[in-house]
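Quick notes on the structure that follows.
Bear in mind the structure is a predicted one, so any value in this text is a computation, not a measurement. Reminder, nothing fancy here: chain letters follow the sequence lines and each chain counts from 1.
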Amino acid sequence: MKAGVIVFPGSNCDIDAYKVLEKLNVEVKYIWHDEKIDDEDLIVLPGGFSYGDYLRCGAIARFAKALENINEHIEKGKLVLGICNGFQILTELKALPGALLRNKNLNFICSDCNLIVENTDTPFTNLFKKGDIVNFPIAHGEGNYYIDDEGLGELIKNNQIVFRYQNNPNGSVADIAGIVNKRGNVLGMMPHPERAQDKLLGGEDGLVFFKSVIAYFKEV
Amino acid sequence: MNRYEKVGLTKEEYKRIVEGLNREPNDLELSMFGVLWSEHCSYKNSRALLKLFNTKGERVLQGPGENAGAVDIGDDLAVVFKIESHNHPSALEPYQGAATGVGGILRDIFTMGARPIANLNSIRFGHLNDERNKRLLKGVVNGIGNYGNSVGIPTVAGETVFDDCYSDNPLVNAMSVGIIRKDKLKRAIAQGVGNSVILVGHTTGRDGIGGASFASCNLTEESEAMRSAVQVGDPFMEKLLLEACLELMDKEYVVAVQDLGAAGLTSSSCEMALRGGCGIKIDVSKVVTREENMLPEEIMISESQERMLFVVKKGYEEEILKVFKKWNLNAAVIGEIIDDKNLTVTAGDKVVGCVPVELLGDGAKATLRSYRRPKYLDELHLDIDSLKRVEDLNDALIKVLKSENIASKEWVYRQYDYMVRTNTIVRPGGDAAVVAVEGTDKALSLTVDCNSRYCYLDPYEGAKIAVCEAARNIAATGATPIAITDCLNFANPEDEEVYYTFRQAILGITEASKVLNTPVVSGNVSFYNESNKTRIYPTPTIGMVGLLEDKNKACTIDFKELGDSVILVGE
Amino acid sequence: MIKAYIDVTLKKSILDPQGTAVKKGLEKLSLYTEDVRIGKHIEVLLKEDKIEAAREKIDEMCRRLLVNFEVETYSVRFEVIE
Amino acid sequence: MIKAYIDVTLKKSILDPQGTAVKKGLEKLSLYTEDVRIGKHIEVLLKEDKIEAAREKIDEMCRRLLVNFEVETYSVRFEVIE
Ligand SMILES: Nc1ncnc2c1ncn2[C@@H]1O[C@H](COP(=O)(O)OP(=O)(O)O)[C@@H](O)[C@H]1O
């Protein structure tokens with residue numbers, strides 16, 4: 001399995017994502033925003049403030065050269081993981097439905113965060129059990145997931161909700177913390193599994209998440 | 001108003017300039033003297049006393065005088081750190097004031113070649129029953145958070161204090177800590193006649209013009225009208241600048257790097273030349289400006305943010321320009337090192353100003369002011385027995401826990417990304433933060449502390465207590481204190497009583513830092529923190545760094561298990 | 001040249017916590033309002049000299065970058081600048 | 001009732017990083033502009049029914065809370081709502 005972490009100007013969790021993949025012996029490389037993606041099995045859009053997050057989070061990053069072929073990539077069934085800013089970019093790209101608004105309390109929130117695993121039938125969560133509680137930290141100012149009722153109905157019907165907040169920190173519709181596309185190969189989430197990679201730093205639930213991806217590729 | 005008064009100089013200072021130049025300075029030259037001889041840049045009221053600090057130690061690689069201090073932590077690594085104030089701008093525009101404060105201190109760290117790994121802050125306001133104070137707090141926290149979060153440096157510790165004395169003068173002190181291989185430490189010493197001077201980063205605009213001299217005046221209604229003094233920060237640009245600079249730092253053709261802070265191009269070029277004992281020539285027409293028709297003097301003293309000055313070996317200019325282009329940043333060769341010891345400013349071929357570097361950079365007289373023990377110190381006395389007995393201890397406890405200064409500061413630090421880059425072992429909420437040093441088993445323990453009420457009651461003892469409190473916080477995480485940086489926030493130094501407290505605080509810090517073997521390696525002075533109504537308490541904020549050899553041994557403050565013993569140690 | 005003034009606002013159906021916060025902030029100053037909503041104001045200067053052409057260009061900018069139609073709408077005014 | 005549309009913008013001489021970023025973003029889409037500046041758009045609904053009274057109130061709101069004159073300026077339009 002090969003992985004690529006896209007580095008936009010302003011990305012700042014690129015290193016953390018790289019670190020966790022490297023730790024799990026995945027062949028991983030950085031992809032600069034104006035290079036093209038290759039045949040990586042997993043593309044990570046990391047957290048941060050791409051292009052300063054000016055205008056709207058992820059709005060400008062969506063046009064980066066590295067994302068030009070992202071749709072073909074997705075169609076081929078390769079995996080795309082958007083964490084935090086990456087999730088925002090994926091909604092701007094329309095690779096995932098909905099939008100991320102400012103946190104309800106209007107403040108940036110950095111803290112530990114318990115999530116309920118809703119869907120274990122994805123390449124990212126196959127090592128969890130449905131209903132598992134995991135702690136992935138959050139750190140965002142605009143993580144308030146919005147989708148209209150119709151869209152929400154679709155998400156539920158297709159089992160696209162992957163993680164929900166145990167205590168909704170930001171006002172997200174239906175406590176949604178992470179969703180996949182219909183096919184299940186694109187995941188966007190506000191919490192940071194890559195930050196939960198070491199007991200010394202507060203937990204390692206994130207390792208299970210990334211090991212799921214590795215397990216998925218062992219299967220196929 | 002006289003010409004020299006307009007730029008904040010005294011008659012005596014003007015006389016010295018005329019003598020030094022052997023002629024009257026023109027407007028450009030006068031503006032440069034105005035900003036560089038301001039308190040903020042010249043430290044004219046504090047320099048003589050700062051010499052008293054204990055700055056030596058076996059670990060010290062770089063003491064005060066550079067962009068930041070550096071201390072050896074073994075494994076061929078150095079920790080680079082400094083604290084700096086941004087009080088006056090934050091009073092006017094809390095969000096931008098605090099944000100640009102963080103930007104400035106970060107640049108101080110990466111100009112030394114170090115990668116910033118953590119930020120800290122010490123912030124002080126009037127009480128929160130006042131709406132304005134609330135807005136200031138919100139704006140400052142928002143500004144610090146947004147800037148640090150965007151650049152991707154975790155903000156791991158700090159202090160938040162409320163007292164009436166800060167109502168008109170909130171304090172915003174920002175500290176940054178970086179790591180570097182010790183043989184790669186860069187210094188801002190211009191050298192090598194013929195070498196090129198390159199300005200990189202953001203465009204130059206009229207924002208912040210007069211900022212430095214502004215920071216040295218009392219806050220009056222007038223300063224509220226000095227509109228352009230506020231600068232706007234662009235953390236995105238800073239992040240790019242950081243990455244681009246670090247990419248170039250270990251290149252052998254980079255001779256020196258300096259960030260543009262107060263007094264912009266004037267101070268950075270002059271300081272670099274002064275340290276190198278050479279001259280420097282700047283062509284303002286080469287500077288990439290944001291606005292049309294900027295005057296040479298506006299370009300020379302603009303305080304536009306996110307800019308740096310490089311000196312590179314002749315012939316290597318293209319290498320630099322290429323890297324900055326990759327990061328989508330401006331870079332332009334704007335001058336060269338020359339062998340006469342002047343700062344020469346040209347606009348194209350025309351010389352528009354020429355002053356001796358030494359006069360400009362070192363000519364502001366360091367004054368040892370007279371001081372007098374403040375009267376209030378004799379008037380303070382409290383008869384403990386006169387206090388009313390507390391009847392209901394439960395009620396008292398709740399009152400204490402509810403008070404602004406004791407209550408949890410989670411509302412503040414939760415707005416800071418304190419985990420980004422996954423090295424934060426002990427998070428805010430404890431005594432000191434602990435951050436792992438990558439590639440080693442080591443960790444750094446970091447804190448900022450000052451109890452200014454103690455400093456008010458006894459500036460000497462209070463300053464000692466600040467250093468000791470910091471050391472206890474560090475020790476409580478399991479680390480050994482190794483060095484400090486200080487931010488001396490005081491009122492008007494021309495007042496003999498204020499100057500007394502300033503002097504006492506320095507003596508107190510010196511004493512404590514000797515005993516604890518934590519030399520002062522960097523710091524900052526902020527005077528004139530007063531309004532016509534209030535004057536702040538003497539507030540010598542101490543930033544301290546400790547070293548933990550085994551990061552797995554970091555201690556946290558929470559009780560771990562039922563049945564564990566609780567032991568009170570100390571006097 | 002033409003200057004376009006674009007106001008981007010959240011759709012009516014979407015809560016605007018920022019507006020609510022400002023409304024409350026105003027009330028603390030005894031300034032009462034029925035409602036406050038907060039959006040973005042974007043001023044774009046264009047070389048075009050015909051409003052028709054400018055409108056087309058601005059609409060394209062809004063469609064492709066400036067507005068996220070999931071949650072926002074916009075309105076524009078134009079001014080001809082000499 | 002009266003609806004006030006307030007546009008709060010950065011003063012001319014002050015850097016607008018957001019506007020600069022958006023200008024560059026538009027260029028990537030081959031949409032060229034001379035300048036882009038970004039500010040806040042605030043819509044306030046007031047009980048008042050006279051524009052004069054509304055203007056006074058809005059000016060006070062701007063002075064006391066909505067605008068920081070260190071870095072910003074503002075302009076207002078009014079609309080009478082039935
Ligand atoms: N402005 C701030 N920024 C970051 N952390 C802060 C800030 N203010 C307080 N904290 C954190 O809150 C905790 C409590 O702070 P404080 O009350 O000053 O502790 P103590 O009195 O024990 O030194 C500390 O961990 C400190 O780092």
Do you know the tightest heavy-atom contact between A:C13 and B:V420?
-> SG-CG2, 4.2 Å
Which atoms form the tightest heavy-atom contact between A:C110 and B:M419, and what is the distance?
-> SG-CE, 3.5 Å
Residue B:I425 versus chain A: region with a heavy atom under 4.5 Å = both
Interatomic distance, A:N105 atom CG to B:Q415 atom CD [nearest 0.5 angstrom] = 7.5 Å
Report the distance from atom CZ of A:R195 to atom CG of B:D417, rounding to the nearest 0.5 Å.
-> 4.0 Å
Does B:R421 offer a backbone N or O that forms a donor-acceptor pair with the side chain of A:K19 under 3.5 Å?
-> yes
Between B:F236 and A:Y54, how do the two ring planes meet: parallel, tilted or perpendicular, split at 30° and 60°?
-> perpendicular
Side chain / backbone / both / neither for B:V151 at chain A, heavy atoms under 4.5 Å | backbone
Is the backbone N or O of A:L200 less than 3.5 Å from a side-chain atom of B:K551, with the two atoms forming a donor-acceptor pair by type?
-> no
Between A:A139, A:P137, A:P9, which has the largest tally of heavy atom pairs under 4.5 Å with chain B?
-> A:P9
What closest approach, in Å, do B:W411 and A:N107 show between heavy atoms, and which atom pair accounts for it?
-> NE1-ND2, 3.8 Å
Heavy-atom pair count under 4.5 Å with chain A, highest-scoring of B:N552, B:N142, B:I153, B:D234 = B:D234
Distance from A:F49 atom CZ to B:N149 atom CG, nearest 0.5 Å?
-> 5.0 Å
Heavy-atom closest contact (B:G152 atom, A:N12 atom, distance) = CA-ND2, 3.3 Å
Step through the shown structure and confirm whether more than 12 heavy atoms of other residues, nucleotides or ligands are within 6.0 Å of NZ on B:K553.
-> no
Given the options B:T424, B:V434, B:N146, B:V426, which has more heavy-atom pairs under 4.5 Å with chain A than any of the others?
-> B:T424
A:K94 atom NZ, over 12 foreign heavy atoms within 6.0 Å | yes
For atom NZ of B:K138, decide whether the heavy atoms of other residues, nucleotides or ligands shown that lie under 6.0 angstrom number more than 12.
-> no
Side chain to side chain contact (heavy atoms under 4.5 Å, CB included) evaluation trace for B:Y418 with A:S111 | CA-CA 9 Å; B:Y418 48 79; A:S111 84; 4.2 Å; yes
May I ask you to test the A:D112-B:R427 pair for a side-chain heavy-atom distance under 4.5 Å?
-> yes
Turns out that what part of A:E194 lies under 4.5 Å from chain B's heavy atoms comes down to backbone
Below 4.5 Å from any heavy atom of chain A, which atoms of B:N423 appear? Answer side chain, backbone, both or neither.
-> both
Honestly, the part of B:T422 sitting under 4.5 Å from a heavy atom of chain A is both
